[in-house]
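The structure appears below as structure tokens.
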Amino acid sequence: MANLNSNAFERLDKKNAVLLIVDHQVGLFQLVRDQSPEEYRANVLAHAALGKAFDLPTILTSSAENGPNGPLPKEILEMYPDAPFIKRNGEVNAWDNADFRKAVEATGKKQIIIAGIVTDVCTAFLAMSLRQEGYSVFANAEASGCSSRRVADDANARMRSVGVHVLSTFAVVCELMRDWRNTPGSPQLMPWFDKHYPAYGYLARGHLAAIKSGVVQPGEDE
């Protein structure tokens, strides 16, 4: 079992990781107030696309989706038509669902990348349960959303207290890639950045434009 109090740096390994998409449901989306709707939608889809970019085993789960929580976004369902999808009818903590536990265990992976709505419940409860079972857990803070920044901060602190790694989408990508020369590396991930992390995507576009047709403006090299 993992040491719950360990502060040692642990690196994500794409060969030992599984991606969880937890309760990113269109009804629960309305509860997110710590990010704008536009920003959060982009972060959710970026998180989901990590599985495709790194060929990670990916598991989907939803909670009571026939009620106000609603279904998972169609973009995610279309992205993973054949992935395990556990529709929980009552369990708040996904780990309390036997089918979900079996799906995670069946991957044989020991590092879990997780994000969900809401941070303080769907993400935190599952993340802490996984830690208790000995898994290493990496919580994507950007792709988890909740009612306020204060609630998010408190939930992230609670997860960190039991050894959950809380990090950004960009950090997850860079941890999994490790080296631009790897595969997936620059050729595969530049398109991912352009679509899901436009700040870096436009940086790359600007560099390309400068190489192809750029000129040094007077004073620029000073």
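Only this structure's heavy atoms are used, side chains among them; waters, hydrogens and symmetry mates stay out.
Counting heavy atoms from C-beta outward, Val44 and Ile76 have side chains that approach closer than 4.5 Å. Side-chain contact between Val151 and Asp34: absent, with no pair of heavy atoms (C-beta onward) separated by less than 4.5 Å. The shortest side-chain heavy-atom distance between Phe100 and Leu126 falls under the 4.5 Å cut-off. Two residues are said to be in side-chain contact when any heavy atoms from C-beta on lie closer than 4.5 Å; Leu77 and Leu60 meet this criterion. Counting heavy atoms from C-beta on, the side chains of Tyr40 and Phe29 come closer than 4.5 Å. Looking at Glu133 and Trp95, their side chains come closer than 4.5 Å, going by heavy atoms from C-beta outward. In this structure, the side chains of Val118 and Leu28 stay at 4.5 Å or more apart for every pair of heavy atoms. Looking at Asp194 and Pro191, their side chains never come closer than 4.5 Å, going by heavy atoms from C-beta outward.
The nearest pair of heavy atoms linking Cys146 to Asp120 is CB-OD1, 3.6 Å. Smallest separation of non-hydrogen atoms from Ile114 and His47: C-CE1, 3.8 Å. Taking all atoms of both residues into account, the shortest heavy-atom contact from Gln25 to Asn69 is CB-O, 3.1 Å. Among all heavy-atom pairs drawn from Val22 and Cys122, the shortest one is CG1-O, 3.9 Å. Here the closest heavy-atom approach between residue Ala139 and residue Thr123 is recorded as CB-CG2, 4.4 Å. The shortest non-hydrogen separation linking Ile113 to Ala17 is CD1-CB, 4.2 Å.
Between His165 and Phe138, the angle of the ring planes stays under 30°, which puts this pair in the parallel group of the 30/60° scheme. Between His196 and Trp192, the ring planes lie tilted relative to each other; the angle falls in the 30° to 60° range.
Residues Trp180 and Leu12 fall within the same hydrophobic cluster, defined by Ile, Leu, Val, Met, Phe, Trp and Tyr side chains chained together at heavy-atom separations under 4.5 Å. Residue Met190 is grouped with residue Leu203 when hydrophobic side chains (ILVMFWY) are merged at heavy-atom distances under 4.5 angstrom, including chains of intermediate members. A continuous path of Ile, Leu, Val, Met, Phe, Trp and Tyr side chains, each step under 4.5 Å between heavy atoms, connects Leu45 with Leu56, placing both in one hydrophobic cluster. The hydrophobic clustering, which links ILVMFWY residues whose side-chain heavy atoms are closer than 4.5 Å, places Val104 and Tyr80 together. In this structure, Val26 is not a member of the same hydrophobic cluster as Val121, with clusters built from ILVMFWY side-chain heavy atoms closer than 4.5 Å.
At distances below 3.5 Å, at least one donor-acceptor pair connects side-chain atoms of Gln111 with backbone N or O atoms of Arg11. Between the side chain of Arg131 and the backbone N or O of Val162 there is at least one donor-acceptor pair closer than 3.5 Å. Looking only at distances, a side-chain donor or acceptor of Arg33 sits under 3.5 Å from a matching main-chain atom of Gln30. Formation of a donor-acceptor pair under 3.5 Å by the Thr107 side chain with backbone atoms of Lys109 is found in this model.
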Hey, mind stepping through Ile59 and Phe85 against side chain to side chain contact (heavy atoms under 4.5 Å, CB included) and telling me if it holds?
CA-CA 6 Å; Ile59 299 170; Phe85 182 11; over 6 Å; no

Using side chain to side chain contact (heavy atoms under 4.5 Å, CB included), reason through Leu189 and Phe54 one step at a time and then give a plain yes or no.
CA-CA 9 Å; Leu189 292 174; Phe54 290 96; 3.8 Å; yes

Output, in order, the C-alpha distance, side-chain angles, deciding distance and verdict of side chain to side chain donor-acceptor pair (under 3.5 Å) for Glu142 and Gln35.
CA-CA 9 Å; Glu142 289 184 295; Gln35 302 179 46; over 6 Å; no

Walk me through it: do Arg149 and Asp153 pass the test salt bridge (Lys or Arg N to Asp or Glu O under 4.0 Å)?
CA-CA 6 Å; Arg149 172 50 54 191; Asp153 290 344; 3.6 Å; yes

With side chain to side chain donor-acceptor pair (under 3.5 Å) as the test, would you mind laying out the steps for Thr119 and Ser144 before giving the verdict?
CA-CA 5 Å; Thr119 310; Ser144 295; 4.6 Å; no

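Tyr135 OH to Lys110 NZ: the interatomic distance, rounded to the nearest 0.5 Å, is 5.0 Å. Annotation: the span from Asp96 atom CG to Ser129 atom OG amounts to 6.5 Å, rounded to 0.5 Å. To the nearest 0.5 Å, the span separating CZ on Arg158 from CG on Asp154 amounts to 10.5 Å. Summarising the geometry, atom NZ belonging to Lys14 is positioned 5.0 Å from atom CG belonging to Asn182; distances are rounded to the nearest 0.5 Å. Taking OG from Ser136 and CG from Asp13, the interatomic distance works out to 11.0 Å, rounded to the nearest 0.5 Å. Remark: Met159 CE to Phe125 CZ distance equals 11.0 Å, nearest 0.5 Å.
Annotation: side chain to side chain donor-acceptor pair (under 3.5 Å) contacts involving residues 50-63, sequence neighbours excluded, comprise Thr61-Arg88, Ser62-Glu65.
Dense packing is recorded around CZ of Arg101, with more than 12 heavy atoms of other residues, nucleotides or ligands lying under 6.0 Å away.
Within the 6.0 Å centre-distance limit, the rings of Phe170 and Phe193 are counted as a close aromatic pair.
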